[in-house]
Each structure stands twice: as structure tokens, then as C-alpha cells.
Asker: 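Would you mind keeping the following structure in view while I ask a few things?
Just the heavy atoms: all of them, side chains too, but no hydrogens, waters or symmetry mates, feed the values below.
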Amino acid sequence: MNDLISYIWLIPGLPILAALALTFWPVDKRQGASWLAIVAMALSFVMSLFAFGAVPRSAEEGAVTRLVHNFNWFDVGTTSMRIGWILDPLNVVMLVMVTFVSLLVFIYSMGYMEKDPRFVRFYAFLSLFAGAMLGLLIANHLLILFMCWEVVGLASYLLIGFWFQKPSAAAACKKAFITTRIGDLGLFIGMVWLYGEAGSLLFYDAGQGCLEASSLRWIASAPGMAGMTAAATIGCLLFFGAMGKSGQFPLHVWLPDAMEGPTPVSALIHAATMVAAGVFLMARVHPLLAYSGTGTQALSLITWVGAITALIGALVACAQNDLKRILAFSTISQLGYMMLGLGTGGVAVAMFHLITHAFFKALLFLGAGSVIHGCHDEQDIRYMGGLRKAMPVTFATYGIGMLALAGFPLVTSGFWSKDEILHAAAHWHGHPAPFLMALAGAFLTAFYMTRQMCHVFFGKNRLQQRENATGEHPVIPHESPASMLMPLRILAGLAIVAGFVGTPIFPWFRTFLEGGVLDWHWTALFHGSTFGLLVGSSALVIGGLVAGWWFYSSLVFDPLRDQDPLDEKLPSGWFSTLRAKFYLDEFYESTVIEGARLLANGAAWFERHFMIPMMQVVALGTRVVSWISRFWDEWVINAGFDRGCKGIQNQAERVSNAHTGRIQLYLQVVALGFVVLTIIWIWGGGR
């Protein structure tokens, strides 16, 4: 089984090859295109399962066994560029999750995108997206990870703007691409700095990798910026890249607009691929962040940013009316929880929530797609209502996903993974504010998800009250086809059972990631503060559910008739601030974008009024100099040279004429010369 590491590249390679094949696929062979992509992803999933079984288990606590395959990529002089693949508990669980969720999304897309004219192109982009994410996971070299990271960004650009004929979609894909590139700049600088300090970007290389003890000791002792060590500075720079990709405040603004893409794309972005990449990157480089405590500044930054993101995302979600945007802000909030868990509790805590979140968030987005499909593309929750009768399977599965996201006590996966994060935050050595923000976010999550459920599935069907502008008949909701419902049923089951592999009683997930012997801890729920925190978080969640029902139950509230209860209860302007997403987009528009616009306009004005006239002056000066140069060349240099040549020619002709070839004349000249010399001698010396 250990030989599998040499062929692990096939896991991302198969979807990428499918994407390449679909690029040249006939557009009318729609069913064949979908099956090619699905089969490629299914094979990747099977290989991921084999990889899961191939990873050695360590019986020593804190020891992790890895399979590494490094090889020469190319040579530059005497220097070899070496890259490689890695299999360890961290990435193998991600491989299984990403391939499985992607496979379900691929199957779901057959029904959802059935009538789209660019069906084949959609599957090509989707395969590229999944393949790039899988390549990122197996990379044992930060440069290869970064290359796959950028392809993930490219694929997200193509998929978010898939319906590019819509101006909103075209704007959203550009916004996502540019915002994440801002974060990627920090990642790139951190990568270069890490190479300068460690001399290698291989993570693990027989003791010489940049995440191994010999390199970490040097990096932890080297100076960085702002009084930090190089380890802490590099960690902060790498986290800046993760902030963009994983939608952390303040670089989260692209994520809600990404809902302009098809719903399967939203499910893949929010559950298994793009936003998970940033969390995975931080988990991968965690040894650098936490080495001997020297990188704790970076972990503190991650903790605070995560807590702020979790709270802001939950607050904004409470005031949104677009079905998918509510889920988008919930993703932002949950990503904040993951970063909070990473900063306070380590890799296992964050990754456990990432895995459980992947299942129930994929369920919620695919369920939202089913709702939108059944409501003929309606996304405003105020115009839905009563769908539990028209769409019973979607209602049941979506309800399970909603409870998992809210963290309903004991029976949902979200409860166990969220409580791990709350427990870690409660025992963090720093300020208690991140823990309090996480508690507030837990209450708000249950509240806004109950609000959404009341609007969408309960009460009367308000679709009947909204006719199309074209005068068509009112929309009649209907259940989705079997190809869309089957993934919902599977994900609903996982949204419940996935959490039981990481409970305090049966901590399999932590043991698998960190090493050690797995033991049942039957009394773990009653140790220390665990039970009190469990009861407290359960009370918060139930309180949020009750408050949401109290305010938004169809018995007391009609969204088409009544003002939103939060708008009534909150002080003036607060609800509009939440609905406007704290005006961050407007702030960026008036500062960053307006600043760039002013800079561009200033550059254009400077070009028009200084550069172009100066270029004209320079051009005139150049012409004058060229004229002078021509005059000097033609009338001085050339003319003088010509006159000199003519004089030499004349003298040469005279000399030539003297050579007649007559001996008598030559003797006369010699005799004449002798006479002249004799006279001179007598005149000068003879006297």
C-alpha cells in the first residue's frame, strides 16, 4: 500500500484530464460529458479511500507518520528543483471529503444544469476546480501548493462568472478574483521569505524540510518584522493569503457576491474547495506557527480575526433576504470558527469543524438549489413560504442541515465540532473576548437559520402573490428530480453521523490526526468545564431557535405585510447597517476603489498635461539636434573630407604626371638638382 504514494498524483490528475477532454468535447454530447466528469471524480474518490487505508497509524501520542515521495523536477546548473507528494492524516481526510462532496455535486448538477446551453463547459470548469483543490492537498512543496492555489482561484473566477451575460455575475467573478489576489500577495511574499530562511519549500524532506525541526529552529531564531521572529512574520503573511481565500474579515466581501454563480458552484466553493483551502493551508503550516511558542503572535492574529469574522458573518446573516446570501454569510461565520479553533485549539479542532461543515453546508446549498429550482429561480425568502408541503424531501433534508449548522445538541455533527471550538476558546491563554464572540455567534446562527426556515418552508405560499413582470401565471413550486434529491439524502445522513467520530467520549478524529491510542472515555462529558460548556452552548442554541420562531413564526409575522421584527426592536439604523453588511462594500468603494480611480485619473491628467507636451518638446528637440547633426555631417565633416580627398587626388595626379618613363628627363632632373645643391653648399659653407 505504501507504493500508492508514487501514484497519488492520479487523484487530482483524473479530474484535470477530464477537464482537458471536456474542453474539446462536442457541445451536443451532454450526457457523455457529465458521465465522464462523474466517473473521473468517482475514481478519484476510490483512490482517496485507498490512500486513507495506506496512511500508517501512530500509536505514540503527538507523533504523526507520513508517506512522502520527493523527486527532481528540473535542474538549473548544479541546483536541483525538487518537489513531491505527501500523504498524512491531515490531507487524507480532506481528500476523502473533497472527492466525496465533489462527486455528489457533480451528480446533482446533472439535474440542476440540465437545460443550460453551456452544460459541457460547466462540467469542464467544475472538474478543473475539483482537480486543482485536490492537487493543493497532496502537495509536499509550497510552490506547487501555490500553483494549485492559483488554479483554484482561476476556476472560481470561471464558475462564479459562468452566466457572464448577467452584469452582476461578471462583476462578482472579477471582485472575487481581485480580492483573493490581494491576499495571495501576502502568501507569495511569505513563501519567498520562507525559502530565503529555510532554503527549501519542501514541507518534509528527510529532516531538511521547511516544517521540520532543523529548519524551524533557524526560522524561530531569525529576526522578522515589528519585533516578531521570522516564524511569526512568515506565519502572518501566509495567513494573509488564507484570509482572502477563506473569506476572513476584512477580505470576506467577495464571498456573498459569489452566489451569482450556479448553485452547485456555490456548494462546491463553500463546502469542499476554495474556502477550505485557506484553513487547510494554515493547518499544514501549523508547526511553523506554534514552534516553541515563537509563532504565537501569528496564532493570536488568527484567533482574533477568526472570532471577529464569526460574529460579523452571523450578524449580517440575520438581516439578509436572499436565500443563498444568508448561507454565504453563514459560511463566513463558520470559517471564522475554524480559524478561531486553529488559533486556540490546534489542527484537530479546526479540521473537525471543517469536515462536518463540509457535509451540512453542501447539504444546505444543494437544498437551496432545490428550492430555487422548484420556485423557478426565485431567491428572495420573502416570496416563498409553505414549501414544506410542496417539497417534502427538500424540507426534511434542509431542516437537518439547518439544525446541524445551528449546532442542535447531541444529535448533529455541528454541535460536536462547534463545542470543540468553544471549549478551546474558553481555555485560551489570551483575552476572553474571542470566546464571548463565539458564544454570541452560536446564538445568532440558530436565530438566523430559524428565521430562514420560517420564511421558506412555513406559513402560506407567497409565491402565488408575485406574478412575473411579463404577466405570466404565478409560480407553482414543485419537488426536484431524483438526481438532485439523492445527494441531499446522503448528505443529510452525514450531517448527523459525522460528528460522532469526534465526541469527547469517542475522540477518533483527534487521535487519527495527532497520533496515539484510541480509547473510549465514557465520563469525558463530565470532566472539568466540559459539561458546563455543553449545557451552556445547548441553552444558547435552543434559545436562538426559540427566539427565531418567536419573532418569525407565520402565526405572528408575514414578511410581505409586516416590518421585520429586528428592524422594530433594534435602535434606529442598526438593522439597515446589518442589511448593508456594515457598509464595507461602500467603504471600499469610497476609499480603496475611489483612491485607485483618483490615482488613475491623476496619472491620466499628468500624462495629458505633462508627459505628452514633454514628449512633444523632446521630439522637437530631437529633430533640432538631428538637423544640426545632419548639417555638421554633410556640410562640415563630409565637405571637409571631400575637399581633403580632392587635394590629395590633385597632388597625386601631379606626381603621377612626373613619372613619364623617359630616362633622359630623369637624368636632367638629377643634374639640375646636383647643380642646385652645389650652389647652396657653396653659398652656405664654401664661403
Asker: Using modelled atom types only, decide if a donor and an acceptor are shared between the side chain of E212 and the backbone of G209 within a distance under 3.5 Å.
Answerer: yes
Asker: Can you classify the ring geometry of H478 versus H373 as parallel (below 30°), tilted (30 to 60°) or perpendicular (above 60°)?
Answerer: perpendicular
Asker: Holding to salt bridge (Lys or Arg N to Asp or Glu O under 4.0 Å), I want the full list of residues that pass it with K581, two or more places apart in sequence or in another chain.
Answerer: D585
Asker: For the residue pair S480 / S370, report whether a side-chain donor-acceptor contact shorter than 3.5 Å exists.
Answerer: yes
Asker: How long is the gap from CG on D184 to OG1 on T179, to the nearest 0.5 Å?
Answerer: 10.5 Å
Asker: Name all residues meeting the side-chain hydrogen bond (donor to acceptor under 3.5 Å, both in side chains) criterion together with D75; count only those two or more places apart in sequence or in a different chain, and write none if there are none.
Answerer: S80
Asker: Quick check on Q31: does its CD atom have over 12 non-hydrogen neighbours (other residues, nucleotides or ligands) under 6.0 Å away?
Answerer: no
Asker: If the threshold is 4.0 Å, N to carboxylate O, is there a salt bridge linking R597 and E589?
Answerer: yes
Asker: Please list all pairs passing the side chain to side chain donor-acceptor pair (under 3.5 Å) test where one or both residues lie in residues 125-147, with sequence neighbours left out.
Answerer: N70-N140
Asker: Could you check whether any side-chain N or O of T273 sits under 3.5 Å from a backbone N or O of L268, counting only pairs where one atom can act as donor and the other as acceptor?
Answerer: yes
Asker: May I ask you to decide if the ring planes of F457 and Y398 are parallel, tilted or perpendicular, using 30° and 60° as cut-offs?
Answerer: tilted
Asker: Does the pair E150/R181 count as a salt bridge with the N-to-O cut at 4.0 Å?
Answerer: yes
Asker: With a cut-off of 6.0 Å (strictly less than), are more than 12 heavy atoms of other residues, nucleotides or ligands near NZ of K29?
Answerer: no
Asker: Mind jotting down which residue pairs meet the ring-ring contact (aromatic ring centres under 6.0 Å, His included) criterion with at least one end in residues 155-183? Sequence neighbours excluded, please.
Answerer: F122-F162, Y157-F177
Asker: May I ask you to check whether F119 and Y123 place their ring centres under 6.0 Å from each other?
Answerer: yes
Asker: Return each pair, listed once, that meets side chain to side chain donor-acceptor pair (under 3.5 Å) where at least one residue sits in residues 234-247; pairs must be two or more places apart or across chains.
Answerer: none
Asker: Run the side-chain hydrogen bond (donor to acceptor under 3.5 Å, both in side chains) test against T263 and tell me which residues pass, sequence neighbours left out.
Answerer: Y112, K324
Asker: Is it true that R121 and D116 have a side-chain N and a carboxylate O under 4.0 angstrom from each other?
Answerer: no
Asker: Would you say the rings of F71 and H69 are close, in the sense that their centroids are separated by under 6.0 Å?
Answerer: yes
